[in-house]
Amino acid sequence: MCMNGPSIGIDSSGRVSLLPFRYLSRHGLIAGSTGTGKSRTMQVLAEQLSDAGVNVFVSDVKGDASGFCAAGKENERNRLAPYQPRPLKANYWSIGNRLVPLRFSLSDAGPVLLSRLLSLNSTQESNLALAFSYAGKNKRQVDGLEDLLDLLDELLEKKQRGLNPSSVSVIERKVLALQESGAGALFGKPDVSLSSLRGLNVLNLSDARKNMLVSIAPAFLLQKLFYELPEKGDADRPEYAIFFDEAHYLFKDSNKSLRDLMVTILKQIRSKGVSVFFVTQDVTDLPEEILSQLSTKIIFSQKVFTQKGNRRLKALAGSFPKTGLDVMEKLKAMPTGVAIVSTLDGKGNQTAPEEVTMFAPATTMDVVSDNEMLEATDQRLAGKYARKKAGKMARKAEKQDAASPEPGKREKQKKKGPSVWDGIFGFLLKLLDFILKALGKIFTFAVFKPGRRLFRWLVKKPVRILWLILALLALYIMAVNWPLIQGFLDALNFS
Ligand SMILES: Nc1ncnc2c1ncn2[C@@H]1O[C@H](COP(=O)(O)OP(=O)(O)OP(=O)(O)O)[C@@H](O)[C@H]1O
Ligand SMILES: [Mg+2]
């Protein structure tokens with residue numbers, strides 16, 4: 001690596017091609033058909049940025065970018081690379097306990113991203129916000145999805161003012177569906193802190209490819225960085241470089257409101273020193289607003305089979321400045337590991353496209369095993385995040401378990417069927433409960449309802465209270481002086 005930025009390969013005139021740090025502080029794109037060398041280039045960039053002290057986070061959807069912890073093998077290497085094969089220090093995360101579990105606390109994340117994720121309408125969204133604000137005011141931590149379900153249950157039960165029960169039920173159903181999809185493991189405590197994400201980090205999502213976690217986890221990570229990092233303005237190098245391999249997953253299942261939120265975050269996160277590199281086969285998988293924000297473009301060969309594909313290729317070739325290089329032809333026919341590279345210069349102009357033969361990574365291109373990844377990971381991190389703290393319900397259940405008699409006895413009690421007396425006693429209890437509830441309702445209706453109505457009637461116009469006080473005073477005076485009044489009435493011959 002050069003002092004000014006990562007060296008990525010050799011250009012057509014035989015010079016080392018490097019990407020200045022300053023231009024890497026904007027978002028970038030690595031695109032190309034399958035097997036053209038995108039993930040290897042991502043690996044080269046991640047290695048060198050990490051060497052230069054930039055914090056790197058790689059979202060590895062297929063698990064084939066796992067090789068950072070092992071040295072590259074001579075036989076798999078592109079001989080042009082000027083550096084020796086070597087392993088790097090890397091930490092490996094997963095969702096769930098396979099590697100170090102990556103978790104986010106819902107309380108910290110807030111309701112907005114979750115609402116968008118659950119495709120809530122505006123009424124449901126405001127109900128969720130109300131629930132979060134109730135939790136905040138009452139110092140109630142809502143870390144995992146179970147905590148959220150407990151909170152919503154409680155608010156429904158106590159008929160919390162302002163909450164719409166049918167909206168809350170819909171939210172609960174959607175949260176349950178999210179939990180069933182396996183996302184429960186992504187939320188809870190201990191939640192990841194930014195200090196744990198220093199250095200080179202890989203989120204291995206190879207076991208989560210079929211579910212939504214592939215897009216949910218990066219969304220929560222971006223939001224965390226966005227919320228917690230201070231404003232940096234125009235930095236001369238990124239503080240965090242985030243690589244989204246198979247970036248189409250980021251937007252694949254997202255509804256419009258989630259997509260809009262992601263676009264807003266991505267547009268603004270650059271000023272916090274975060275650069276995002278999208279690695280994808282098809283650039284049209286990315287929203288137009290994101291494509292227009294990209295600075296560095298590394299485009300490998302694009303196989304085109306349809307008219308639409310041809311139009312796409314034309315648009316891509318047209319996004320580079322016109323020079324002697326026929327980008328369109330190159331993009332159709334370059335071999336594996338060769339790309340067209342261009343970036344934005346200091347004045348914000350796209351630099352002339354260069355044909356670059358990419359270096360091979362210093363670390364292995366092989367897939368490494370879970371054991372190797374775990375061994376390479378900082379053991380303090382593994383210890384810190386290993387055990388998920390139980391939510392409120394689970395803690396309650398644990399306490400009950402601890403207070404109950406020894407397990408054998410409990411088992412026996414459970415297995416014993418209910419007796420006839422249990423049935424009669426249960427029926428009597430239910431009857432008593434019914435009678436008490438009915439009496440309670442009659443009492444409420446007879447006493448509280450008219451009382452409440454009178455109170456509301458009085459409160460509407462304060463002068464009515466004055467009249468009531470005067471009337472009560474008159475009644476009191478009459479009661480105290482009743483013998484006098486009676487004498488007076490007798491004298492008048494009225495009684
Ligand atoms: N710079 C390179 N030096 C040496 N070999 C390379 C290089 N780039 C790619 N290769 C070879 O090409 C193979 C495919 O590369 P890579 O995994 O990066 O493709 P990809 O574009 O990410 O494909 P996919 O879209 O399927 O993930 C590698 O396993 C390696 O054998
Ligand atoms: Mg790849």
Side-chain angles (χ1 to χ4, degrees), residues 95-97 101-197 212-213 216-217 219-229 257-258 261 265 384-404:
I95 294 161
N97 286 324
L102 184 80
R103 285 188 214 97
F104 298 94
S105 157
L106 285 174
S107 271
D108 292 350
V112 179
L113 180 52
L114 188 64
S115 298
R116 307 281 175 106
L117 197 69
L118 297 174
S119 305
L120 301 185
N121 65 27
S122 55
T123 318
Q124 293 153 0
E125 189 168 345
S126 62
N127 274 267
L128 186 67
L130 214 70
F132 270 77
S133 118
Y134 170 89
K137 275 186 201 142
N138 292 284
K139 306 227 170 342
R140 194 62 199 265
Q141 270 300 114
V142 183
D143 297 318
L145 293 179
E146 318 88 48
D147 297 327
L148 179 58
L149 288 169
D150 289 349
L151 173 72
L152 293 174
D153 274 349
E154 187 185 309
L155 294 180
L156 272 185
E157 232 166 75
K158 65 187 282 202
K159 297 194 172 75
Q160 177 66 21
R161 242 173 89 198
L163 273 194
N164 175 334
S166 57
S167 294
V168 175
S169 303
V170 176
I171 301 172
E172 284 197 324
R173 272 203 303 279
K174 292 192 169 188
V175 172
L176 272 171
L178 183 67
Q179 198 175 31
E180 263 154 39
S181 76
L186 183 64
F187 303 106
K189 284 259 163 156
D191 57 330
V192 66
S193 65
L194 286 195
S195 59
S196 300
L197 291 178
M212 284 168 73
L213 285 171
I216 301 176
F220 276 88
L221 174 78
L222 282 179
Q223 187 188 250
K224 188 175 183 74
L225 290 168
F226 182 61
Y227 279 175
E228 293 183 21
L229 287 173
S257 66
L258 178 60
L261 179 68
I265 292 181
K384 181 174 172 191
Y385 294 105
R387 197 161 174 272
K388 183 172 177 172
K389 279 190 197 148
K392 196 181 149 211
M393 286 288 262
R395 278 198 298 274
K396 231 194 271 170
E398 267 173 25
K399 263 191 202 158
Q400 276 168 2
D401 278 353
S404 63

Could you state the interatomic distance from [atom1] ([X]) to [atom2] ([Y]), rounded to the nearest 0.5 Å?
X      : Y      : atom1 : atom2 : value
Arg140 : Asp150 : CZ    : CG    : 6.5 Å
Leu145 : Leu176 : CG    : CG    : 9.0 Å
Leu128 : Thr123 : CG    : OG1   : 12.5 Å
Arg161 : Leu130 : CZ    : CG    : 10.5 Å
Lys224 : Leu197 : NZ    : CG    : 8.0 Å
Ile216 : Leu117 : CD1   : CG    : 4.5 Å

Can you give me the closest heavy-atom contact between [X] and [Y], atom names plus distance?
X      : Y      : value
Leu213 : Gly182 : CD1-O, 3.6 Å
Ala131 : Leu151 : O-CD2, 3.5 Å
Val142 : Ala135 : CG2-CB, 3.7 Å
Asn97  : Ala386 : OD1-O, 3.3 Å
Lys189 : Ser105 : CE-CB, 4.0 Å
Leu106 : Phe132 : O-CE2, 3.4 Å

Any residue meeting salt bridge (Lys or Arg N to Asp or Glu O under 4.0 Å) with Glu172, in chain and number order, not counting sequence neighbours:
none

Salt bridge (Lys or Arg N to Asp or Glu O under 4.0 Å) involving Asp143 - partner list, sequence neighbours excluded
none

Check the pair Leu114 / Leu148 against side-chain contact (heavy atoms from CB on, under 4.5 Å), numbers first and verdict last.
CA-CA 11 Å; Leu114 188 64; Leu148 179 58; 3.6 Å; yes

Report the residues that fulfil side chain to side chain contact (heavy atoms under 4.5 Å, CB included) with [X], sequence neighbours left out, ordered by chain and then residue number.
X      : value
Val170 : Gln124, Arg173, Lys174
Ala217 : Ile95, Leu186, Leu203
Tyr227 : Gln223
Glu180 : none

Any pair with a residue in residues 106-118 that passes side chain to side chain donor-acceptor pair (under 3.5 Å), sequence neighbours left out, goes on the list, sorted by first then second residue, please.
none

Restricting to ring pair (Phe, Tyr, Trp, His ring centres under 6.0 Å), what partner residues turn up for Tyr385, sequence neighbours left out?
Trp93

Report the residues that fulfil side chain to side chain donor-acceptor pair (under 3.5 Å) with [X], sequence neighbours left out, ordered by chain and then residue number.
X      : value
Ser122 : none
Ser119 : Asn255
Lys158 : Tyr134

Pair Val168, Asp153 - check side-chain contact (heavy atoms from CB on, under 4.5 Å), show working.
CA-CA 9 Å; Val168 175; Asp153 274 349; over 6 Å; no

Does any non-hydrogen side-chain atom of Pro190 lie less than 4.5 Å from one of Arg103?
yes

Assess whether side-chain contact (heavy atoms from CB on, under 4.5 Å) is satisfied between Leu221 and Val192, documenting all intermediate values.
CA-CA 9 Å; Leu221 174 78; Val192 66; 5.6 Å; no

Strictly by ring-ring contact (aromatic ring centres under 6.0 Å, His included), give each pair with a member in residues 156-196 just once, sequence neighbours left out.
Phe187-Phe220

Please report the C-alpha distance between Lys384 and Ser193 in whole Å, then the side-chain angles of each, then the deciding distance to 0.1 Å, and finally whether the side-chain contact (heavy atoms from CB on, under 4.5 Å) criterion is met.
CA-CA 11 Å; Lys384 181 174 172 191; Ser193 65; 3.6 Å; yes

Under 3.5 Å, side chain of Asn127 to main-chain N/O of Asn164, donor-acceptor pair present?
yes

